[in-house]
Amino acid sequence: MADLFQDYPFGRAWDEMFSGPGVIRPAYESVHAALQTLSAADLKARADIMGRTFLDQGITFALGGVERPFPLDLIPRIVTAQEWKVVQTGVPQRVRALEAFLADCYGPGRIFEDGVVPRRLVTTSPHFHRQVAGMAHQDGARIVISGVDLIRDEHGAFRVLEDNVRVPSGVSYVLENRQAVSQVLSEAGGDSQIRSVAEYPGRLLAALRAVGPDNVSDPTVVVLTPGVYNSAYFEHTLLAREMGVELVEGRDLICRNNRVFVRTTGGEMPVHVIYRRLDDEFLDPMQFRLDSMLGSPGLINAARAGHLTIANAVGNGIADDKLVYTYVPDIIRYYLSEEPILLNVDTYRMEEPDHLEYALEHLAELVIKPVDGSGGKGIVIGSHADASTLSKARQAILENPRGWIAQREIALSTVPTLIGDKVRPRHVDLRPFAVNDGNSVWVLPGGLTRVALPEGELVVNSSQGGGSKDTWVLAAPESPRTEPDLEQQSSLPAQPEDMEPLVGWQESEAQSTGAFFFDPPVTPDDDGAGLRHQQGQQQQHRRAAATAGSPTALPDGQSFSSTPAGQ
């Protein structure tokens with residue numbers, strides 16, 4: 001049987017499985033050993049079965065208007081417990097600082113008056129919305145869900161690539177990838193204790209309920225989707241189903257007297273928290289785009305009156321602006337009086353003359369990005385670009401310096417990936433998801449690892465043809481880490497999450513129903529009271545409506561007249 005790793009190449013990137021030719025990092029030993037017992041045909045057959053099952057179950061992603069299975073490579077990416085401490089402390093720090101920054105931007109603006117950040121930085125952002133200025137938010141939780149994109153540089157250190165605090169997506173693939181890999185490559189787990197990702201829906205629901213309006217003791221939560229044609233519709237349905245809440249479209253909602261209700265066949269049901277999965281501009285046609293058919297008129301006024309919480313808050317997009325990103329280290333120091341745990345990538349602001357001059361002279365060595373871009377669109381990697389592309393980038397920067405940043409090109413770390421009949425290194429990033437209930441920020445021990453499938457490609461975005469990997473966060477280090485480049489980052493204090501019950505690989509497998517794939521189980525917060533309460537609340541509402549003689553009342557889970565429900 002041919003060696004899958006034969007002639008495995010090494011470049012300047014930090015490889016996550018190998019520290020050198022033939023030298024396997026301890027965390028990957030069981031995975032490497034399992035792979036050595038398989039042939040390329042075995043792996044490809046398993047991958048093909050998994051792809052067909054993803055397609056059958058609707059676990060897809062729309063690329064160029066075509067629905068396709070979201071590519072999942074079988075070989076997992078592993079993060080040790082010691083390495084994870086950097087993430088689980090650094091991400092909450094960043095969220096807390098951006099939370100304070102957003103509240104300040106839409107409030108008193110102290111950071112502008114103190115000269116830390118220029119006011120025009122925010123007012124020139126297309127995501128700054130005066131419509132929500134001065135609006136208070138429950139428990140200071142403008143950012144309930146965040147996905148901070150991380151990479152590992154040539155030395156293995158985590159760095160922040162960008163912040164996503166508007167509508168970060170991808171967590172559904174984290175949940176599904178775990179179930180898929182645990183069944184298709186069950187022998188790879190060995191004795192490793194892999195932390196569970198199944199509690200995410202329960203954590204999310206608990207946080208959404210916690211940030212509900214002050215005057216509502218038992219808030220009702222819904223997930224608002226643009227509809228079936230949205231590329232992330234699968235995720236919307238999965239999260240609604242796993243949280244046990246209704247999935248609604250804008251046409252299902254009614255705003256009356258600054259209160260929001262959802263139409264059901266059993267009558268109108270009050271809504272207190274909306275986990276929206278559409279952009280600000282489409283949320284409320286009374287405030288933004290008049291032609292929007294996706295939202296519902298009156299949502300902003302209901303939120304302003306304190307009867308509705310919109311998560312994430314409208315206007316958060318200014319924190320996703322890549323020019324604002326360059327100020328985040330200063331923002332952390334200003335609001336938290338702490339040094340950043342996670343470092344930014346070295347970035348040049350095209351608005352600053354000396355930065356601009358340097359960037360124009362070194363375009364072929366830099367990565368050029370639009371500040372309001374997403375999904376990898378508009379990025380120019382200088383070393384991969386031809387003269388014509390660089391010339392166009394230069395012109396675009398000169399015409400609108402505010403619209404661009406430049407970054408040092410970093411060789412993202414690589415993870416072995418099945419390519420044809422060989423295993424080859426491919427570049428990856430990591431999107432850990434954090435949930436903020438207003439009092440604490442919890443980081444899902446896993447995250448979405450995106451992988452660029454073409455050789456040498458550095459853009460990993462799914463919308464650019466990238467795939468994903470299951471991300472294993474180990475429960476405890478097998479031995480003390482010795483990498484000198486990680487010493488500084490790993491010297492952080494232990495966090496409360498270290499005390500959580502641990503769910504190993506075998507237990508994760510035991511959750512299987514016996515089918516090839518299954519829906520990940522809901523693990524509500526603590527004793528599950530929040531989830532059961534909302535389900536019970538909605539059932540009681542339906543029964544009351546049916547008792548009142550509603551001729552159109554339907555059984556539970558079939559209550560919506562116009563929208564495919566999350567169930």
Side-chain angles (χ1 to χ4, degrees), residues 1-48 50-51 70-80 83-84 150-156 158 173-174 177-178 180-190 192 194 410-431 446-460 462 465-474 478 483 486 505:
M1 186 167 57
D3 184 0
L4 291 169
F5 293 90
Q6 185 176 7
D7 302 325
Y8 186 83
F10 291 88
R12 67 185 181 97
W14 197 86
D15 192 87
E16 309 244 354
M17 179 180 282
F18 296 98
S19 59
V23 184
I24 306 165
R25 299 186 192 277
Y28 278 90
E29 287 177 351
S30 63
V31 171
H32 183 268
L35 292 173
Q36 290 295 68
T37 66
L38 302 173
S39 67
D42 292 333
L43 276 183
K44 189 172 187 312
R46 298 184 189 203
D48 289 344
M50 190 168 60
F70 189 41
L72 169 61
D73 185 71
L74 288 176
I75 304 173
R77 186 253 193 90
I78 301 176
V79 182
T80 67
E83 294 166 340
W84 187 251
L150 304 176
I151 61 170
R152 300 184 80 164
D153 64 17
E154 297 87 346
H155 305 291
F158 284 110
Y173 303 112
V174 177
N177 288 354
R178 175 61 51 83
V181 174
S182 69
Q183 297 184 48
V184 176
L185 201 64
S186 59
E187 62 268 48
S192 301
I194 303 164
I410 290 180
L412 316 184
S413 64
T414 56
V415 177
T417 303
L418 181 64
I419 305 294
D421 60 354
K422 294 287 185 182
V423 172
R424 290 291 178 262
R426 289 294 183 265
H427 296 292
V428 297
D429 76 348
L430 174 64
R431 175 175 290 182
L448 179 64
T449 289
R450 298 180 296 184
V451 54
L453 297 177
E455 183 177 5
E457 178 62 64
L458 294 174
V459 179
V460 300
S462 51
S468 69
K469 285 177 170 288
D470 189 18
T471 308
W472 294 359
V473 174
L474 302 186
E478 297 175 352
E483 288 86 339
L486 292 177
W505 178 253

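Quick note: numbers below take in every heavy atom, side chains included, and nothing from hydrogens, waters or symmetry partners.
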request  = Apply side-chain contact (heavy atoms from CB on, under 4.5 Å) to the pair Thr37 and Asp42, showing each step before the final yes or no.
outcome  = CA-CA 10 Å; Thr37 66; Asp42 292 333; over 6 Å; no
request  = Go through Arg152 and Phe158 one step at a time and tell me if the side-chain contact (heavy atoms from CB on, under 4.5 Å) criterion holds.
outcome  = CA-CA 4 Å; Arg152 300 184 80 164; Phe158 284 110; 3.5 Å; yes
task = Check step by step if side-chain contact (heavy atoms from CB on, under 4.5 Å) holds for Leu474 and Ile78.
result = CA-CA 7 Å; Leu474 302 186; Ile78 301 176; 3.8 Å; yes
key: Verdict with supporting geometry, Thr449 and Arg77, side-chain hydrogen bond (donor to acceptor under 3.5 Å, both in side chains)   = CA-CA 7 Å; Thr449 289; Arg77 186 253 193 90; 3.0 Å; yes
ask   = Where do Asp7 and Arg424 land on the side-chain contact (heavy atoms from CB on, under 4.5 Å) test, with the steps shown first?
value = CA-CA 9 Å; Asp7 302 325; Arg424 290 291 178 262; 4.1 Å; yes
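With sequence neighbours excluded, the residues that form a side chain to side chain donor-acceptor pair (under 3.5 Å) with Asp153 are Arg159. Residues satisfying the side chain to side chain donor-acceptor pair (under 3.5 Å) criterion with Thr417, sequence neighbours excluded, are Lys469.
Smallest separation of non-hydrogen atoms from Gly446 and Val473: N-CG2, 3.6 Å. Considering every non-hydrogen atom in both Arg178 and Trp472, the closest pair reads NH2-CD1, 3.8 Å. Of all non-hydrogen atoms in Leu4 and Asp421, the two that sit nearest each other are CD2-O, 4.0 Å. For the residue pair Ala34 and Leu38, the shortest heavy atom distance occurs at O-CG, 3.7 Å. Here the closest non-hydrogen pair linking Thr414 and Ala13 is CG2-CB, 3.9 Å. Annotation for Phe5 and Pro416: closest pair CE2-CB, 3.9 Å, computed over non-hydrogen atoms.
Judged purely by atom type and a 3.5 angstrom limit, His427 has no side-chain atom pairing as donor or acceptor with the backbone of Ala452. Counting only distance, with no hydrogens or angles, the side chain of Asp48 and the backbone of Ala45 share no donor-acceptor pair below 3.5 Å. No donor-acceptor distance shorter than 3.5 angstrom exists from the side chain of Arg431 to the backbone of Leu448, with no hydrogens or angles considered. Put simply, the side chain of Asp73 gets close to the backbone of Leu418: a donor and an acceptor are under 3.5 Å apart. Listed for the Ser413 side chain is no donor-acceptor partner under 3.5 Å among the backbone atoms of Glu16. Between the side chain of Arg25 and the main chain of Asp15, a donor-acceptor pair closer than 3.5 Å is present.
Atom-to-atom distance recorded for Leu72:CG and Asn177:CG is 4.0 Å, nearest 0.5 angstrom. Atoms CD1 and CG, from Ile75 and Leu185 in turn, are 8.0 Å apart once rounded to the nearest 0.5 Å.
Checked for salt-bridge contact, Glu187 and Arg46 meet the test: a charged N lies under 4.0 Å from a carboxylate O.
A heavy-atom distance below 4.5 Å is not found between the side chains of Val451 and Val415. No side-chain heavy atom of Val423 sits under 4.5 Å from any side-chain heavy atom of Leu35.
Note on ring orientation: taking the six-membered ring where Trp is involved, the planes of Phe18 and Tyr8 are tilted (angle from 30° to 60°).
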